[in-house]
Amino acid sequence: MIDGLSAELLARFQFAFTVSFHIVFPAFSIGLASFLAVLNGLWLWTGNHTYRALFDYWKTIFAVAFGMGVVSGLVMSYQFGTNWSVFADRTGPVLGPLMAYEVLSAFFLEAGFLGIMLFGRDRVGPGLHMFATFMVALGTLLSATWILSVNSWMQTPVGFGMNDVGQFVPEDWWAIVFNPSFPYRLVHMVLAAFLTTAFVVGGVGAWHMLRGDNGAPTRKMFSMAMWMAVVVTPVQIFAGDQHGLNTLEHQPVKIMAMEGHFHSYEEGAPLILFGWPNEAEKRVDYAISIPKLSSLILKHDLNAPLAGLDTVADEDEPPIAIVFWSFRIMVGIGFAMLTVGLWSLFSRWRGTLYDSRWLHRAVWMLSPAGFLAVLAGWVTTEVGRQPFTVYGLMRTSESLSPIAAPAVATSLIAFIVVYFFVFGAGTFYILRLMRDRPAQQHDEQREETLHAGPIRTAGATHAARKDKAMSKTAEGSAS
Amino acid sequence: MTLDLPLIWAGLIALAILIYIILDGFDLGVGLLFPFEPGEDERDLMMNSVAPVWDGNETWLVLGGGGLFAVFPLAYATALPALYAPLLAMLLALVFRGVAFEYRWRTTRWKRVWDVSFFAGSLIAALAQGIALGALVQGIEIENRAYAGGWWDWFTPFSLLCGVALVFGYALLGATWLNMKLEGAVQERMRYRAAIAGAVTVGFIGVVSLITPFLDEIYFARWFAWPTALYSAAVPLLCAAAIAALYYGLKKRHDVTPFLASLTLFTLCFIGLGIGFYPYIVPHSLTIAEAAAPDSSLLFTLVGAAVLLPLILGYTAYTYWVFRGKLDPEEGYH
């Protein structure tokens, strides 16, 4: 199957594969790190054991997800050099420093304080432990900030000159870091991470309630997640709209692909809800559309003219169908989240938040939706800026390392096998941890007997026992 | 006064790589020693000795990659394709061993699988790093700002020798670290393994040092011609002192001395290598100045590094301090 594919296509597929696997983990750990900081803060502030029980529950899941994020991220930091060396040489002076800042200000912060957050509560005391938990959360957010600045500069490059060997040379760092699409992309991604986590947390709570667990921690996590859904989803839809307007200004071709506008419209462009983009014939087949709505959304004027892909040379166009569909998947999930959020608000008002089984089923169904939306959104923006790596200035085909197809194919197969095996196992372990009911109370008594010494943390013997019991149930149900 | 920014950065990148080698070195070394301790309790302890710090240790490798991309993009863009296979093997191996830290505690039936993954990942990562280093020392062919060699250029007897040497070197770091962190019978066994790994490592250092000057006349001149020979001669003398300290520490059953002596030995070898490299960053094809990014990139990144690196060193040291001392077998981190 891989025979006959060019090194470029294989390298692109390898990047898409490794980065898609990678983004799933940060999308979860950015949200979860902040959630953990909030839970720990509430536990210290209120002394309510429910928060501590939830912190301990999600902390274990966070540790597994974070480990997967670290190792899949390490791979990313070398992909530019191994497969995209011309890109690395030419953009290194601009993008390299931003990534160095990410490592220095974010990765070390997360990694340095993670050990204390996970294992050090009893060694450093509650105050410093809270500080460490906060630093981990801050690290995840700073990491998102820098890497989105890098990505945004590739979409909307500014603040640079060129030298005689063809390198992008930084001239205005402020302009580079805060490039035109960066603030929009950052807000959109961080909110996406929060929503993704909210629906995972809510989904786990809903699942346990469907199984008859009505303990305080389960209710609390479901309630907190639904508040997030209610508050953040509308903000996210607004942020996405603003991001779209920004894209229209700087990357109009991407918008044309998202909208499926093969042709220009002189007086008001229709909003194509669904259809089948036919790239050969340059039209959308079976289109269901609302007249003039696209112009209203994009230009705030029903009759505003809107240019289409007929104004763009074919070799400068992205693959239309992928962008068209991935955009609709993302938006569809966004509105499904909004609906469920409002539903939960209604149930809360009626006092049936913890009893409405249909609501619980809906939230449970949506628990992986955030990941899909994040992936679909990234596909939209990354495929949509093709055929360029640095938008309008450097083509993907010019960015490749001088590598032979067999070398890329071999490493690609290795990545696919290893990732499915390793991250498949990790996902299985996370799901199994989620299947455990959260401890109903953070038990002070047990804590004290288990942790007789001043430097004890969660007992290994206890964990091992729980593990054994768990795998016994697993074996029992399998046989 | 003008700052020689490329030179400062070459020093900082070298420092980051050195810190990576000694920190992840002992933590990969712990993985290398796994098969020799079949007992579950011992393995739990060994893993727990590095569990709170491994992630930070590995971040220095990300800094090595990211930093090179930032300040020496041309070196990054030529050395990485040249070392394609060993680097990808290393990354995949680090995936296997990195996840083992958490996965191992999440299962009983598959615990052995993740034990093997921890060991094999550590072994392949160590081997691949040594091979990559050896291949780099031998030089990389560059034309028109791109790697111009073949796909198997990295595969030579010398690079394989370096790979095996680094495996034993990391095992030495791991064994002396565990000698420091553990107590009782298992500590005795670690001390014994440290002695073996130490002897083999010293042998390999000798062989590699004898071959290197004959790989290229520049190395030869650097090591044996005046005045650089003065510095070059200091390195083996100091190495001899470190080896003596290691021997003495192990013989006298010290907890900390053998570990510090091993760290010193690694640092000295690294300095010796650095003397051989200068002024090249990719030996004999790319100098530090040629590979450097424009000054605006170097300066912008240096400002951040000047503020953040001391902070990083500070809180990293604090983490080590928090988890200092012998491991309590009753404690467990998970």
Side-chain angles (χ1 to χ4, degrees), chain A residues 63-64 67-68 70-71 74-75 77-78 80-82 85-86 88-89 92-93 96-97 99-101 103-105 107-108 111-116 119-120 123-124 163 165 169-171 173 401-404 407 411 414 418 422 425-426 429 432 453 455-461 463 467-468 471, chain B residues 44 51-53 55-56 58-59 61-63 65-67 69-71 73-74 76-78 80-81 84-85 87-88 91-92 94-96 98-99 101-103 105-110 145-147 151 293-294 296-297 300-301 304-305 308-309 312 315-316 319 322-323 328 330-334:
Chain A
V64 179
M68 293 195 275
V70 168
V71 292
L74 181 64
V75 170
S77 73
Y78 283 80
F80 295 117
T82 50
S85 65
V86 179
D89 176 30
M99 291 176 59
Y101 268 93
V103 181
L104 289 167
S105 70
F107 290 168
F108 276 110
F113 286 101
L114 182 72
I116 295 174
F119 313 123
R123 289 193 173 219
V124 299
N163 68 9
V165 291
V169 178
E171 279 172 359
W173 279 107
S401 295
I403 37 172
S411 55
V418 169
V422 168
Y429 294 140
R432 204 156 71 171
I455 49 167
R456 298 280 174 83
T457 55
T461 46
D467 244 30
K468 275 189 187 118
S471 58
Chain B
D44 288 355
V53 293
D55 189 1
E58 217 150 84
T59 307
L61 182 63
V62 185
L63 182 63
F69 180 39
V71 292
L74 189 53
Y76 178 85
T78 48
L80 267 60
Y84 198 84
L87 286 181
L88 284 173
L91 292 171
L92 289 172
L94 289 175
V95 168
F96 273 107
V99 297
F101 280 100
E102 283 299 326
Y103 288 9
W105 306 94
R106 308 268 76 89
T107 174
T108 40
R109 278 179 302 171
W110 268 44
R145 303 178 75 80
Y147 174 59
W151 292 109
S296 56
S297 307
F300 176 70
T301 318
L308 292 167
L309 267 181
I312 291 165
Y315 60 69
T316 303
T319 305
V322 166
F323 295 101
D328 178 358
E330 298 293 306
E331 178 175 7
Y333 288 118
H334 283 85

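Lettering of chains follows the sequences in order, A, B, ..., and the numbering in each one begins at 1. This is a predicted model, so every value here is computed, not measured.
No other option in B/Ala77, B/Gly67, B/Ala146 has as many heavy-atom pairs under 4.5 Å with chain A as B/Ala77. Comparing B/Leu308, B/Val99, B/Leu92, B/Val95 by heavy-atom pairs within less than 4.5 Å of chain A, the highest count is held by B/Val95. In terms of heavy-atom pairs under 4.5 angstrom with chain B, the leader among A/Gly115, A/Pro97, A/Ala100 is A/Pro97. Chosen from A/Ala414, A/Pro93, A/Ala111, the residue pairing most often with chain B at heavy-atom distances under 4.5 Å is A/Pro93. Ranked by heavy-atom pairs shorter than 4.5 Å toward chain B, the options A/Ser411, A/Gly67, A/Ala407, A/Gly92 are led by A/Gly92. Chain A forms more heavy-atom pairs under 4.5 Å with one residue of B/Gly98, B/Ala85, B/Gly65 than with any other, namely B/Gly65. The candidate with the highest count of non-hydrogen atom pairs below 4.5 Å against chain B, out of A/Val165, A/Val124, A/Val86, A/Asn163, is A/Val165.
For the pair A/Arg432 (side chain) and B/Arg106 (backbone), a donor-acceptor distance under 3.5 Å is present. Under a 3.5 Å cut-off, the side chain of B/Thr319 and the backbone N or O of A/Gly112 do form a donor-acceptor pair. The backbone N or O of A/Gly426 lies less than 3.5 Å from a partner atom in the side chain of B/Tyr103, making a donor-acceptor pair.
In this structure, B/Phe69 and A/Met99 approach most closely via the heavy-atom pair CE2-SD, 3.6 Å. A/Phe107 and B/Thr59 get closest at one heavy-atom pair: CB-CG2, 3.6 Å.
Enclosure of atom CH2 in B/Trp110 is not indicated, since only 12 or fewer non-hydrogen atoms of other residues, nucleotides or ligands lie within 6.0 angstrom.
At a 4.5 Å heavy-atom cutoff, the contact between B/Ala305 and chain A is made by backbone and side-chain atoms alike. Interface remark: B/Val53 contributes no atoms to any contact with chain A (heavy atom separation under 4.5 Å). Only the side chain of A/Leu114 comes within contact range of chain B, with heavy atoms under 4.5 Å apart. Contact annotation for B/Leu63: both backbone and side-chain heavy atoms come within less than 4.5 Å of a heavy atom of chain A. Of the two parts of B/Leu88, only the side chain, counted from C-beta on, holds a non-hydrogen atom closer than 4.5 Å to a non-hydrogen atom of chain A. Interface residue B/Ile312: only side-chain heavy atoms are found under 4.5 Å from chain A.
Residues B/Phe323 and A/Ile116 meet the side-chain proximity criterion, which asks for heavy atoms closer than 4.5 Å. In this structure, A/Phe119 and B/Val322 have side chains that are not in contact, with every pair of non-hydrogen atoms separated by 4.5 Å or more. Inter-residue side-chain proximity for B/Leu80 and A/Ser85 is flagged as unmet; no heavy-atom pair is nearer than 4.5 Å.
Here A/Phe113 pairs with A/Phe131, B/Tyr315 under the ring-ring contact (aromatic ring centres under 6.0 Å, His included) rule; sequence neighbours left out. For B/Phe96, there are no ring-ring contact (aromatic ring centres under 6.0 Å, His included) partners, not counting sequence neighbours.
Note that OH of A/Tyr101 is 4.5 Å distant from CZ of B/Phe300, once rounded to the nearest 0.5 Å.
Shown are A/Val418, A/Thr82, A/Val71, A/Val75; of these, the side-chain contact (heavy atoms from CB on, under 4.5 Å) with B/Leu91 is made only by A/Val75.
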Quiz prompt | side chain to side chain donor-acceptor pair (under 3.5 Å) assessment of B/Tyr84 paired with A/Ser401 | solution = CA-CA 11 Å; B/Tyr84 198 84; A/Ser401 295; over 6 Å; no
